[in-house]
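Just below is one structure, and these are the notes that go with it.
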Amino acid sequence: MAFEGILKSLFSRLLNKNVISIGTSYYATNDLETEYVDLINITKTMLVEVKPAQINSNTIFANLEREIDQRALPQNRKFIELKPAENEINEFALLSNIIMGSDRYLYIEIFKKSPIIDTFAQMVEDEGGVIVEKSRSELVSHMPSKKDGIKIAIEMITLGMKEGCNVRAAVGMTGAASIERAIEMNAEIGEVSGVGFTKLGGEYGVIFETEPTKDKIHLPPIQIDNFMYIDAKDSTGFISEYGKDKLIEIMNDINAYIEHEGNGKIEGYRVGGDDLIINFPNKEIALKTGLDCAWYALNNNLNLRVGIGKSRREAAENAHITDSIKIHEDTPSIVFEIANGTYAYYIPTAFTRSAIDFITSKYWVIILLFIFVFFMTLIGWNSNNLWLGFISLIISILVAAVAD
């Protein structure tokens, strides 16, 4: 996109925060992806860095320990890094996770044929997964979440090694991706039991050279829920302009959408209120639902502040951070955490969106008008006709309005 770098620099200064992307150039491959890509580009939704994450293998492994601590992570595990993570947030990967969900496909391979594969299939179904394909030595399934996939894989590795059978596991965005990850892991470490996964663009694994022990990693309990706090900005002003009934209608619609389609458990909502708290099964669903709600409310002239966090308080605190993410007028924003950083989706005003559209689609007009004003001002300055610069500026504004 022409001027993309200039636009990101401009809005980074206006927002006083680093703008990672404006809209998206994500290549959609199905109807669902097309819908979200179109909405992000139409609304010029920006991914903004509020507090940069420090991404490295140590922080990734520490986060993983905490994520699956309650899912029986044995003491004798070893972490391996197959490919380092990028020390930046990848807009495309984030959007893919939001639309399609995180790595939910689990691939299992046993290195010698054994009836234990049938036991593994039953374990998947007991965990709420769906078997996609099964053979005598391989299994592909769709799990409720990436964490569930890693958890069940470690349980399978434990059971397999007790039976003298090493197990390869890998999670991925698709069945094919999980199989490819397992093949790459096999090439690196051979037939050592372990599960491969991705994190922030890197490739990692948890491996077991000996049978997983019953001794677990001892970490203090942490809140692992994913809460979202939604609050209407300037609800008093909205009511004075559109009426209380309109606010109730919008909030009730959001409430119904979350309950029936967003897989969220609603807390603390009363009919007629302007805020609510929701608990989601994972962060990706929370982000997707937050975008859906923000876009829907915006279409009805209501701006939402949305915060996502591991606790109710953290979600509310992140929601209030949205007040600092604006140029002048209030607009919808969604604040959330990635790794140990804080990021936001910021939706600019209609005027700003129109300006971005003009700059990106009529950039040749801007260049010609700039040259025209520059030379007219230069001529006026050297001929003591300073009014030429003023007149050329007015003409440029009129030409830009007509071109738009």
Side-chain angles (χ1 to χ4, degrees), residues 1-27 36-56 59 85-99 200-201 233 283 287-288 290-291 294-295 298 303-309 314 317-367 369-370 373-374 400 404:
M1 181 191 297
F3 291 155
E4 181 179 5
I6 296 175
L7 280 174
K8 288 195 289 187
S9 297
L10 173 63
F11 281 101
S12 294
R13 288 184 175 276
L14 292 173
L15 292 169
N16 198 30
K17 293 173 179 63
N18 181 37
V19 174
I20 297 173
S21 64
I22 300 175
T24 183
S25 53
Y26 182 91
Y27 183 77
Y36 277 85
V37 167
D38 287 347
L39 280 168
I40 286 175
N41 285 330
I42 289 171
T43 59
K44 307 302 177 192
T45 298
M46 302 181 190
L47 178 60
V48 178
E49 185 179 70
V50 179
K51 173 189 171 186
Q54 302 300 317
I55 301 169
N56 55 57
T59 58
E86 302 171 3
N87 194 18
E88 62 180 7
I89 297 302
N90 187 310
E91 184 264 331
F92 299 99
L94 177 61
L95 182 58
S96 179
N97 279 339
I98 292 171
I99 299 174
L200 300 175
K233 291 187 177 184
K283 185 185 294 182
L287 276 169
K288 179 176 179 291
L291 283 169
W295 286 328
L298 180 63
N303 296 315
L304 296 182
R305 56 167 63 89
V306 181
I308 296 171
E314 186 176 283
E317 288 174 345
N318 284 342
H320 284 281
I321 291 176
T322 67
D323 292 338
S324 66
I325 307 173
K326 65 179 181 180
I327 297 172
H328 183 261
E329 299 178 15
D330 281 332
T331 62
S333 295
I334 303 165
V335 173
F336 53 95
E337 294 183 349
I338 301 178
N340 55 0
T342 305
Y343 295 80
Y345 275 117
Y346 162 76
I347 305 173
T349 63
F351 174 80
T352 303
R353 296 197 297 270
S354 297
I356 294 173
D357 276 331
F358 179 79
I359 292 172
T360 54
S361 62
K362 306 290 185 181
Y363 61 91
W364 56 271
V365 175
I366 296 173
I367 293 173
L369 292 177
F370 176 81
V373 173
F374 175 79
D404 190 35

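These numbers were taken from a predicted model, which means no experiment stands behind them.
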State the [atom1]-[atom2] distance between [X] and [Y], to the nearest 0.5 angstrom.
{"X": "Ile22", "Y": "Ile40", "atom1": "CD1", "atom2": "CD1", "result": "13.0 Å"}
{"X": "Arg353", "Y": "Thr45", "atom1": "CZ", "atom2": "OG1", "result": "8.5 Å"}
{"X": "Leu47", "Y": "Ile334", "atom1": "CG", "atom2": "CD1", "result": "11.0 Å"}
{"X": "Ile42", "Y": "Ile347", "atom1": "CD1", "atom2": "CD1", "result": "12.0 Å"}
{"X": "Glu337", "Y": "Ile308", "atom1": "CD", "atom2": "CD1", "result": "10.5 Å"}
{"X": "Ser333", "Y": "Leu15", "atom1": "OG", "atom2": "CG", "result": "8.5 Å"}

Check: [Y] and [X] side chains under 4.5 Å, non-hydrogen atoms:
{"X": "Ser21", "Y": "Met46", "result": "no"}
{"X": "Thr24", "Y": "Asn41", "result": "yes"}
{"X": "Lys17", "Y": "Phe11", "result": "no"}
{"X": "Lys233", "Y": "Thr322", "result": "yes"}
{"X": "Pro332", "Y": "Asn303", "result": "yes"}
{"X": "Thr352", "Y": "Thr349", "result": "yes"}
{"X": "Asn18", "Y": "Val48", "result": "no"}
{"X": "Val335", "Y": "Ile325", "result": "yes"}

Is there a donor in the side chain of Ser9 and an acceptor in the side chain of Ser12, or the other way round, less than 3.5 Å apart? no
Side chain to side chain contact (heavy atoms under 4.5 Å, CB included) between Phe351 and Glu329, worked out: CA-CA 11 Å; Phe351 174 80; Glu329 299 178 15; over 6 Å; no
Would Ile20 and Tyr343 count as a side chain to side chain contact (heavy atoms under 4.5 Å, CB included) here? Give the steps. CA-CA 10 Å; Ile20 297 173; Tyr343 295 80; 3.8 Å; yes
Partners meeting ring pair (Phe, Tyr, Trp, His ring centres under 6.0 Å) with Tyr345 (sequence neighbours left out): Phe336
Using the ring pair (Phe, Tyr, Trp, His ring centres under 6.0 Å) criterion, which residues pair with Tyr346? Sequence neighbours excluded. none
Which residue pairs satisfy the salt bridge (charged side-chain N to carboxylate O under 4.0 Å, His left out) criterion with at least one member in residues 45-56, sequence neighbours excluded? none
